Amino acid sequence: MEMQKTYNPKDFEDRLYREWMERGYFHAEVDPAKVPFTIVIPPPNITGQLHLGHALDNTIIDALIRFKRMQGYSALYLPGCDHASIATEVKIVEEMKKEGLTKKDVGREGFLERAWQWKEKYGGRIVEQMKKMGVSCDWSRLAFTMDENCSRAVREVFVNLYRKGLIYRGDRIINWCPGCKTALSDAEVEYSEDASYFWHLQYPVKGSDEFIVVATTRPETMLGDTAVAVNPNDARYRDMVGKTLILPLVGREIPIIADEYVDQEFGSGAVKITPAHDPNDFEVGLRHNLPVIRVMNDDGTMNENAGAYVGLDRYVARERVVEDLKACGALVKIEPHTHNVGHCYRCKSTVEPIVSKQWFVRMEPLAKPAIDAVARNKIKFTPERFSKIYYNWMEGIKDWCISRQLWWGHRIPVWYCRDCGEMIVSKTDPTDCPRCHGRNLQQDEDVLDTWFSSALWPFSTLGYPDKTDDFNYFYPTDVLSCGYDIIFFWVARMIFSGIEHTKKVPFRDVLLHGIVRDEQGRKMSKSLGNGIDPLEVVEEYGADSLRFSLITGVAPGNDSRYSRGKVEASRNFMNKIWNASRFVLMNAEGVRIPPLAEIKLTAPDKWIISKLESCIKEVTLNMGKFELGIAAGALYDFLWSDFCDWYIELCKSSLYGEDADRKAATLSVLCFVLENALKLLHPFVPFITEEIYRNIPGVQGSIMVADFPRYNAKLSYKKEAKAFEGVMDIIKAVRNMKTAVNCPPAKKVKVYLSTANRRLISANANAIAKLAGASAVDFVESSAEIAEKTMSQVTEGSTVFVPLGELVDLAKEKERLAKELERIVGEIGRAESKLNNRGFTDKAPKNLVEAEREKLEKFLEMKKKVENQIREL
RNA sequence: GGGGGCAUAGCUCAGUUGGUUAGAGCGCUCGCUUCACAUGCGAGAGGUCGUAGGUUCGAGUCCCACUGUCCCUACCA
C-alpha cells in the first residue's frame with residue numbers, strides 16, 4: 001500500500017464506516033455461545049444537533065463496546081432518539097409562528113402531523129452525525145421513544161402503576177411554566193438567585209384599628225390570600241388568632257390562623273396564606289380547610305378572581321397591585337431581597353407554583369427498592385461518590401408530576417365517559433364505557449412527561465412488555481453511561497422503573513462523565529455562542545483525533561475542557577501512529593516475514609515485547625475499571641516513547657543492514673508489536689487502526705472483529721527487559737554529556753565503558769553507536785586506561801566516559817558532577833533513614849524493603865564512582 | 001439550610017487499593033533539514049502536591065479543621 005506522508009483521515013473514515021455497515025459488524029446477535037454485553041444510548045433529542053456532550057457519550061460507550069466485542073462478547077450498542085416532548089413542541093410552535101399560525105389554528109391533529117413531519121425531516125440528522133464519530137451502533141435496532149413498541153411499553157407501565165395505586169390524579173401545587181403552558185416536574189425547574197424585593201403589607205383587623213404585617217415576594221398573589229398564619233407559640237399574636245382580617249384591595253374577610261409551619265424568627269412572624277399559589281400555603285390550607293382561590297391563568301395573566309386586575313400579565317398586575325396598596329396605605333415598606341426563583345429548564349420563564357389537576361406517580365414505594373439496589377451493590381456508580389448524590393435525591397423525593405399540557409408525546413391512556421363520568425384507564429383504546437356502555441368517550445388531553453418514556457428505555461427498546469429473545473438475552477443491560485447532569489432526570493428513574501416493571505435492575509454499572517466545557521472552563525451554551533460543533537472538528541482533524549482528545553487525560557465524573565490544542569495533540573498522535581506504521585509497512589514490502597515463534601529474539605526485541613505485554617495488562621485492567629483516560633494514556637506512552645522513540649530507532653541498523661534473516665526477524669517483531677498495539681488502540685481510534693491493520697503482512701479481516709490482545713506472561717521477559725534498559729541508560733548518558741558541552745549531535749564520539757555487563761552491551765554496541773552517535777565503544781576498567789581527557793556519567797550498571805576534551809569546560813563539568821553527587825547523596829539519605837526505621841523494615845511488605853535495600857546499594861556504588869570522577873578531574 | 005467537587009509545573013490536567021527519585025500535553029530554553037513523522041528528533045529548566053493539624057513505619061493519596069472556588073439540592077414567606 002502506498003501510504004501518504006501525513007495522516008489524512010478524510011481518505012478513509014467515511015469509506016471504512018460504510019464498509020463496516022455493509023459487512024454487518026455492528027449487528028449484535030442473540031448468540032447463546034457468547035456472553036451478551038449491552039449498552040443503550042442516552043437517546044439524543046430528535047430535534048437536536050450533535051454537540052460535544054453527545055460526542056463524549058458516544059466515544060466512551062463505543063470504546064467499551066468495541067473492547068467487549070473484540071473480547072468475544074455479543075456486544076450491543078443500542079441506538080435511538082427521544083421525542084423530547086417540550087423541546088420539540090417549542091420548536092414546532094416557533095416554526096408555525098413564522099407562518100403566522102398557532103397551535104389552536106392547526107388543531108391537535110394538524111399539529112401532530114406537523115410534528116411527525118418534523119421528526120421525519122430532522123430525526124435522521126443526528127443519526128447521520130453520530131456515524132461521523134465512528135460509533136458501532138446496531139442501527140438495525142434504532143429505536144424511538146414514540147415508536148410502536150416504546151409506546152406500548154408506556155401504556156403497559158402506566159396502567160400497571162395505576163392499578164397498583166402508584167399513579168393518581170389530583171389537585172396539587174405544581175410548577176407551571178407560563179411560557180410552555182404546561183406543568184413541569186420538580187426536576188425540570190432550575191433555580192437561580194434573582195434580585196427582587198420584599199413587599200411588607202399590612203392587613204387591618206376587622207372591626208378594630210389593629211393590623212397585622214406580612215411580607216411577600218409576589219405581591220400579586222395577595223389577591224388569592226385566604227388567611228394569615230402565625231406560630232401558635234408566638235406570644236405577640238396569641239390574642240389575634242381567630243380574629244378576622246380584611247384583605248386590602250379585595251375586601252375579602254380572611255381568618256388569622258395558627259400553624260407550626262410559621263417561623264417566628266423570620267420577618268414579622270406572620271405569613272399571608274395563598275393556597276393556590278404556594279406549596280406550603282397549600283399544605284396549610286389543607287390543614288385548616290381554607291378555600292383555594294386561584295388568581296392566575298395558564299398563560300401567566302390574571303384571571304377573573306383577580307377582580308380589577310383580570311387580564312393583566314402577572315408582572316403588570318404586580319406593579320398595579322403595589323401601586324394600589326400604596327394608595328390605600330397598606331404598603332408598609334419595600335426592601336431589596338434576592339431569593340431563589342424557579343425557571344423552566346426549556347424556555348427559562350419564571351415558573352409559577354400553581355394549584356392544578358395533574359397526574360402523579362407515587363414515589364415513596366418505588367424509591368425504596370431503588371435505593372436498596374444501589375446500597376446492596378446491585379448497581380454500582382462510577383465514580384462511587386455519585387451514589388451519595390443519588391441517595392440524597394431518592395430519599396427526599398416527592399411525587400412525580402407526569403402530565404404535561406402538550407400535544408407532542410404519549411397521550412395519557414385514560415378516557416372519561418361524557419355520559420356517566422366514568423374514568424377508564426386502559427392499555428388499548430376503549431370503544432365504549434364499561435359502566436354505562438355509552439360510546440361518548442373522551443381521552444385525557446394531556447401527554448406524559450418525556451422522561452416517563454425515557455425511564456423505560458433499557459427495556460422498552462428490547463421488546464418489553466413482551467418477553468422477546470432480545471429482551472431475554474440482552475436485558476438487563478450492562479453499563480449505563482451518561483453525564484452526571486441527568487442522574488435525576490434519567491438514571492434514577494430508569495432504576496426504579498426497571499426494578500418495578502421487570503423485577504431486575506436495568507444495568508449493573510452506571511458510568512458517569514462530566515461536562516465538556518469551553519477553553520475557559522465555561523459551560524457551552526447557545527447564548528454565550530461558545531459551542532463547538534463536533535462535526536467541524538471531525539472535518540478538520542478526523543473523528544479519531546476528536547475521540548482521543550475527549551478521552552485522554554480525563555477521569556470519570558470530572559468536567560473537562562475542550563481545546564483546539566488538545567485535539568491537535570491527539571491529531572499529532574494519530575500522525576505518529578500513521579508514520580510508525582508507514583515505516584514498518586514500507587520496510588516489510590517484499591520481505592517474507594517469519595512468525596514470531598520462529599525467530600531468535602534480541603535484547604531490544606524482548607524489551608519491546610515486554611513493554612507491549614505490560615501495556616496489554618494495563619489497558620485491559622483499566623478498561624475494566626472504566627478508567628479510559630488511563631488506558632489511553634498508557635497506549636500513548638507505549639506507542640510514542642517505547643515503540644517509536646526507542647524500538648523503531650533500534651531496529652534501523654538491522655533493517656538497513658546486510659543480514660536478510662535479521663531484517664526479516666526484526667520485521668516480524670515490528671509487525672507483531674504494531675498489530676497488537678493497533679488492536680489495543682482500536683476501541684479509542686477505530687478508523688486509523690482499521691485502515692492500517694489490514695495492510696500488515698499476514699493479517700486478514702477487520703480489526704473490529706479481531707481478538708483483543710491477551711496478556712501473556714511468557715512474553716513478559718522482565719529480567720531481560722530490565723537489563724536492556726541498562727544499555728538505554730548508556731545511550732541517554734552519552735547524549736546527555738554531548739548536549740551539556742554543546743557537542744553537535746552529528747559529531748561522532750568515542751565511548752568508553754566501565755561495566756560488569758560487557759556481554760549484553762557489546763551485543764548492542766551498534767545501538768549505542770547509532771542512537772548516541774558513538775564512533776566506537778570500548779571497555780575499560782577505569783578512566784586511567786583512557787589517554788584522553790573525558791567526561792563521565794554514572795548509570796545504574798556502568799560508568800560512561802566520553803572524550804570531549806576540547807569541548808569540556810572543567811569548572812562546568814565539576815559543577816555538573818557535584819550536582820549529580822548531591823542528588824545521589826540525597827537518595828542515599830532517604831533510603832538509609834527508611835531502612836534504619838524498624839517500623840518500616842518490620843511492617844512494610846518484604847518486597848518493598850528488599851527493593852529499598854537494592855536501591856541503597858545501587859546509590860552507594862554510584863556515589864563511589866561519581867566521587868572518583870570528581871577526584872580524577 | 002443540606003450535600004458534593006476541585007485546589008499538583010507558567011497553562012490544562014492525570015496520579016488506580018497509602019509504598020520506586022510526583023507524571024503528561026501545551027508553553028518555555030538550548031541544539032538538530034538523523035533516509036517513518038518538523039503534526040518531527042535529542043537535551044533541559046520548572047512543583048516544599050491550597051493552609052494548619054492528625055492517623056501511619058510511610059500521606060499528593062486516608063481523617064479533622066480552615067481558606068478559596070465551582071456545582072447540585074432545599075418550602076423560609
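Just so we're clear, the structure is a prediction, and the values are computed from it rather than from any experiment. Below, each value reflects all heavy atoms present in this structure, side chains not excepted, and no hydrogens, waters or symmetry copies.
Between the side chain of A:E649 and the base of B:A36, at least one donor-acceptor pair of N or O atoms lies under 3.5 Å. Between the side chain of A:K576 and the base of B:C37, a donor-acceptor pair under 3.5 Å is found. Donor-acceptor pairing under 3.5 Å, judged by distance alone, is absent between the side chain of A:K855 and the base of B:U20.
A straight line from CD of A:E265 to C1' of B:C76 spans 12 Å, rounded to a whole angstrom. For the pair A:Y7 OH and B:A38 P, the computed distance is 16 Å after rounding to whole Å. Taking atom CZ on A:R385 and atom C1' on B:C71, their separation rounds to 11 Å, with Å as the unit.
Taking for each of A:T6 and A:G269 the nucleotide of RNA chain B with the nearest heavy atom, the 5'-most of the two is the partner of A:T6. Projected onto RNA chain B by closest heavy-atom contact, A:A844 and A:P745 fall at different nucleotides, the more 5' of which corresponds to A:A844.
Within the nucleic acid shown, A:Y484 has no heavy atom closer than 4.0 Å to any nucleic acid atom. A:N558 comes within contact range of the sugar-phosphate backbone alone, with a heavy-atom separation under 4.0 Å but no base atom that close. Within the 4.0 angstrom heavy-atom criterion, no nucleotide atom of any strand lies near A:K523. Using a 4.0 Å heavy-atom distance criterion, A:A580 is classed as a base contact. Using a 4.0 Å heavy-atom criterion, one finds that A:F386 contacts no nucleic acid atom at all. No engagement by A:F548 is indicated, since no non-hydrogen atom pair under 4.0 Å with the nucleic acid exists. Nucleic acid contact class of A:K770 (heavy atoms, under 4.0 Å, all strands): none. Residue-level contact check: A:R218 touches neither bases nor backbone, having no heavy atom under 4.0 Å from any strand. In this structure, A:I648 reaches the bases: a heavy-atom distance under 4.0 Å links it to at least one base atom across the strands shown. When heavy atoms are screened at a 4.0 angstrom cut-off, A:D263 is found touching base atoms of the nucleic acid. Heavy atoms of A:R571 sit under 4.0 angstrom from at least one base atom. As judged by a 4.0 angstrom heavy-atom cut-off over every strand, A:D281 is placed among residues making no nucleic acid contact. No contact: A:C743 has no heavy atom under 4.0 Å from any strand. The residue A:P845 sits close to a base: some heavy atom pair falls under 4.0 Å.
When both distances must be under 3.5 Å, the Watson-Crick or G-U wobble mate of B:G31 is B:C41.
Ring planes of A:F684 and A:F548: perpendicular class, angle over 60° (limits at 30 and 60°). Taking the six-membered ring for Trp and thresholds of 30 and 60 degrees, A:Y647 and A:F643 have nearly parallel ring planes, at less than 30 degrees apart.
Not less than 6.0 angstrom separates the ring centroid of A:Y345 from the ring centroid of A:Y191. Taking the six-membered ring where the residue is Trp, the centroids of A:W393 and A:Y391 are separated by 6.0 Å or more.
Taking the P atoms as reference points, B:C49 lies 33 Å from B:G40, given to the whole Å. Using P as the reference atom, B:C71 and B:C13 are 15 Å apart when rounded to the nearest Å.
Checking each of A:K855, A:K732, A:K722 against A:E796 for a salt bridge (Lys or Arg N to Asp or Glu O under 4.0 Å) leaves exactly one that passes, namely A:K722.
Contact check, A:K652 against B:C41: no side-chain N or O comes under 4.0 Å of OP1 or OP2.
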